[in-house]
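Structure record follows, encoded as structure tokens.
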Amino acid sequence: MIQVLDQNTINQIAAGEVVERPMAVVKELVENSLDAGATAITVEIREGGISFIRVTDNGFGIAKEEIPTAFLRHATSKIRSAEDLLCVRSLGFRGEALSSIAAVSQVELITKQADEIAGNRYEIEGGEEKHFEEVGCPDGTTFIVKNLFYNTPARRKFLKSKTTEGNYIQDLVLRYSLSRADIRFHYIVDGKSKLQTSGDGKLKTNIFYNYGSDVTKCVMPVEVTKGAMKLSGFIGRPELSRGNRALLNYFVNGRYVKSSVITSAIENAYKDYLMGHRFPFTALMLTIDSGFIDVNVHPTKMEIRFQNQKEVYDLFYDCIRESLKRATLIPEATLPENSEIPDESESVKENYDTEQLNHEHVQVSVPISAPEPFELKQQQKIQEIKESTHWQSDQTEKEQVRSEKEQELTTKFNQMNLMKDEMIAEEKPNFRIIGQVFATYWLVEYREELLIIDQHAAHEKILYEKLMRRLNEKTAITQNLIAPIVVTLSGRELDVLDENKEVFEKIGFRFEPFGDREYLIQGVPADFLNVASKELFLEILDSLMEEGNRIRPEGIIDHCATMACKAAVKGNNTLSYAEADALISEMLKADKPYHCPHGRPTTIVMTKYEFEKKFKRIL
């Protein structure tokens, strides 16, 4: 029998289109704050936003008589007719957000307009009004959302862990802070301040707040106007890349969106500058006539369509491509006649001063007037951390060179000895090296067989089995670094690292906090000294972020395979006969020597019988 659903069921079904997880609630509320003209927004969550979300702003507020109407389906102040959808300029406009949120949670609204004497407090649970009264409160609006999906437990159980849900929200707040550098954002998680921006209007300042000095010093500005479109912001130099798209940020008319057109344009522009499966940093703002875009594609307003797709693609591609060309040109340096070489100490001072100038524009001023739902100590350490992360700049150039040389010698010494130690442990297999072809493959006679060995795959297998054996025996070997490495992490990276410290420690990394957002890497896996330790550390962290949750024990295997591949000698790398002899000996003693961790063959085998059959010695 066909029947019309009751209003409560209709509201809960509709809510599923807009409110998929706590992040969606924060997104809708923050967008309403931005549309209300707020200059300061505070977002606070507890337990990943599942039990508690509070968004406070200093915007226009909501008039008393309009409060109940705001929670009705399809109620909005942003548009009046279907024609208005063709020129939407506000972030929130569909009129479904508040009704959808209220249908699946317990909502409390406190709001006051500037010309009103008192504010108003309104409570609604599961779509039903519970309380409405006048209260004293500052100008602006505060939304408190409790117990999300309390009345739809089937949907609640599909949420991910509290940490993962919180990470989604942190990424969202990060992107809003990039899109609106003129607004003071404060983000609080379980009572701890995670992000606080100054609202000084400078995008590069907020890049520093969110990503730290390592990223900030590797970005360059871009700006171009083409017809009715303007593109501005910052892009990363080619040396700044990651193994996922976490650093890819772009905004259209202030809205964070997803667009295959823009993503393709960015990645293709970087194609000749980055290795495969590496992605750049961007924080780009596109300003375009709203008549050329359709933001009404999906209820969450995350997807966007362009009427002039080719023009948008070309704008992003050409702008980034030209900027990269200019950035990678190597100027010719000449000395005038009779000029003297400057003193080393002066050179160091010049480099130090240049670096200081690079960071001059990101002086941190902690905001003091952001609206706070409760008292919280302001964090004052950011400037100290900035200075401390450059502690190596105080060394003289000679000391830096000597440190690098010592590290290089230590690396080579350890690599040679690690392989020799393994050989001593067991009897050396009996084989004869015939030679090498194509600077990559070794021909070896072994037990009436001809082995053709890929030196990279073989070395990869050796390192992988060695590391897995030490993991099983819980005897991972760490090599302490002469000069520790400082890494600056974003908020989400800090959370993921905190959840997975044992993964890094089991592999052989040793590190400790070095401020609010910096970590000091003091030791690295001894078998992988020839890998760029910082890049390897970040790559493993990227992959953990992609997995979206705490890694399973068996997941360490994948990271070990990655490490082995990074550290293994490459094809076309010259090996001496002694090195090849040690490499082949180690490979033949491996448990499963004929395939690398990724499944590629390390060796092609041709038996004496096959030779004799090919030469017709036997039939």
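When a residue number appears, it is its place in the shown sequence, counting from 1. Just the heavy atoms: all of them, side chains too, but no hydrogens, waters or symmetry mates, feed the values below.
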Worksheet entry | Side-chain H-bond candidate by donor/acceptor type, S213 with T216, under 3.5 Å | no

Worksheet item: Charged N to carboxylate O under 4.0 angstrom, K192 versus D190?
Response: no

Worksheet item: Where is the tightest heavy-atom contact between S264 and Y313, given as atom of each residue plus distance?
Response: C-CE1, 3.9 Å

Item to complete: Work out which heavy atom in A265 is nearest to a heavy atom in F316; give both atom names and the distance.
Response: CB-CB, 3.7 Å

Practice prompt. Only counting residues at least two apart or in another chain, list the ones meeting side chain to side chain contact (heavy atoms under 4.5 Å, CB included) with F279.
Written response: R245, E267

Discussion item. Here's a test for you: under side-chain contact (heavy atoms from CB on, under 4.5 Å), which of I266, I235, L247 qualifies with P280?
Written reply: I266

Worksheet item: Do T142 and L109 come close enough that some side-chain heavy atom pair is under 4.5 Å?
Response: no

Worksheet item: Going from CD1 on I183 to CD1 on I41, what distance comes out if it is rounded to the nearest 0.5 angstrom?
Response: 5.0 Å

Worksheet item: Does NZ in K226 sit with more than 12 non-hydrogen atoms of other residues, nucleotides or ligands closer than 6.0 Å?
Response: yes

Fill in: Smallest separation among heavy atoms of E28 and A97, with atom names
OE1-CB, 3.4 Å

Practice prompt. Without swapping roles, check the side chain of R321 against the backbone of A269 for a donor-acceptor pair under 3.5 Å.
Written response: yes

Worksheet entry | N/O donor-acceptor pair under 3.5 Å between T205 side chain and G201 backbone | no

Practice prompt. Let me see the working for R21 and L159 under side chain to side chain contact (heavy atoms under 4.5 Å, CB included), right down to the final yes or no.
Written response: CA-CA 7 Å; R21 55 177 14 104; L159 294 177; 3.9 Å; yes

Discussion item. I'd like to know whether I144 forms a side chain to side chain contact (heavy atoms under 4.5 Å, CB included) with I53, so could you lay out the CA-CA distance, the side-chain angles of the two residues, the decisive distance to 0.1 Å, and finally the verdict.
Written reply: CA-CA 6 Å; I144 300 173; I53 295 171; over 6 Å; no

Worksheet item: Stepwise, does the ring pair (Phe, Tyr, Trp, His ring centres under 6.0 Å) test hold for Y209 with F185?
Response: CA-CA 11 Å; Y209 277 122; F185 283 94; over 10 Å; no

Worksheet item: Below 4.5 Å, heavy atoms only, C-beta onward: do F234 and L284 meet side chain to side chain?
Response: no

Worksheet item: Do the non-hydrogen side-chain atoms of S33 and T141 ever get within less than 4.5 Å of each other?
Response: no

Worksheet item: Do F514 and Y519 have ring centres separated by under 6.0 Å?
Response: no

Practice prompt. Indicate the ring-plane relationship of Y250 and Y256, choosing parallel, tilted or perpendicular according to the 30° and 60° boundaries.
Written response: tilted

Discussion item. Treating N58 as the side-chain partner and A40 as the backbone partner, does any N or O pair qualify as donor plus acceptor under 3.5 Å?
Written reply: yes

Discussion item. If you apply the rule side chain to side chain donor-acceptor pair (under 3.5 Å), what do you find for Y187 with E44, and how did you get there?
Written reply: CA-CA 6 Å; Y187 179 54; E44 180 186 0; over 6 Å; no

Item to complete: Output the distance between atom OG1 (T197) and atom NZ (K202), rounded to the nearest 0.5 Å.
Response: 14.0 Å

Worksheet item: Would you find a donor on one side and an acceptor on the other, under 3.5 Å apart, between the side chain of S241 and the backbone of R278?
Response: no

Worksheet item: So, does D498 use its side chain to make a donor-acceptor pair with the main chain of L494 at under 3.5 Å?
Response: no

Worksheet entry | Min side-chain heavy-atom separation F511-Q522 under 4.5 Å | no

Worksheet item: Between CG of L240 and CE of M220, what distance do you get to the nearest 0.5 Å?
Response: 10.0 Å

Fill in: Separation of S179 OG from L34 CG (nearest 0.5 Å)
7.0 Å

Item to complete: Give the intermediate values and the outcome of side chain to side chain contact (heavy atoms under 4.5 Å, CB included) for residues E223 and L231.
Response: CA-CA 6 Å; E223 185 170 345; L231 182 63; over 6 Å; no

Item to complete: Examine distances only and state if a side-chain atom of T111 and a backbone atom of G140 form a donor-acceptor pair shorter than 3.5 Å.
Response: yes

Discussion item. Between L315 and L286, is there a side-chain heavy-atom distance shorter than 4.5 Å?
Written reply: yes

Worksheet item: Hey, do the aromatic rings of F281 and Y211 have their centres closer than 6.0 Å?
Response: yes

Fill in: Which atom of G166 lies closest to which atom of I45, heavy atoms considered
CA-CD1, 4.0 Å

Worksheet item: Judged by atom type as modelled, is there a donor-acceptor pair below 3.5 Å linking the side chain of N253 to the main-chain atoms of I288?
Response: yes

Worksheet item: Does the pair L538 and L489 meet the rule for a side chain to side chain contact (heavy atoms under 4.5 Å, CB included), with working shown?
Response: CA-CA 9 Å; L538 292 174; L489 304 177; 3.9 Å; yes

Worksheet item: Looking at P238 and L274, what are the two nearest heavy atoms and their distance?
Response: O-CD2, 3.2 Å

Worksheet item: Nearest 0.5 Å, what's the CD1-CD distance between I50 and E165?
Response: 5.5 Å

Worksheet entry | OG on S193 to NE2 on H186, rounded to 0.5 Å | 3.0 Å

Discussion item. If we check side chain to side chain donor-acceptor pair (under 3.5 Å) with Y168, which of these qualifies: E20, K160, K27?
Written reply: K160

Response to the item:
In short, M23 meets I169 closest at the heavy-atom pair CA-CG1, 3.7 Å

Worksheet item: Is there side-chain contact between V25 and L148, with heavy atoms separated by less than 4.5 Å?
Response: yes

Discussion item. Can you confirm whether V43 sits close enough to R54 that some side-chain heavy atom of one is under 4.5 Å from a side-chain heavy atom of the other?
Written reply: no

Worksheet item: Going by an N to O cut-off under 4.0 Å, is there a salt bridge joining D139 and K112?
Response: yes

Discussion item. Are I320 and Y270 packed together at the side-chain level, in the sense that at least one heavy-atom pair is separated by less than 4.5 angstrom?
Written reply: yes

Discussion item. Using only atom types and a distance under 3.5 Å, with no angle test, would you say the side chain of N206 pairs donor to acceptor with the backbone of S177?
Written reply: yes

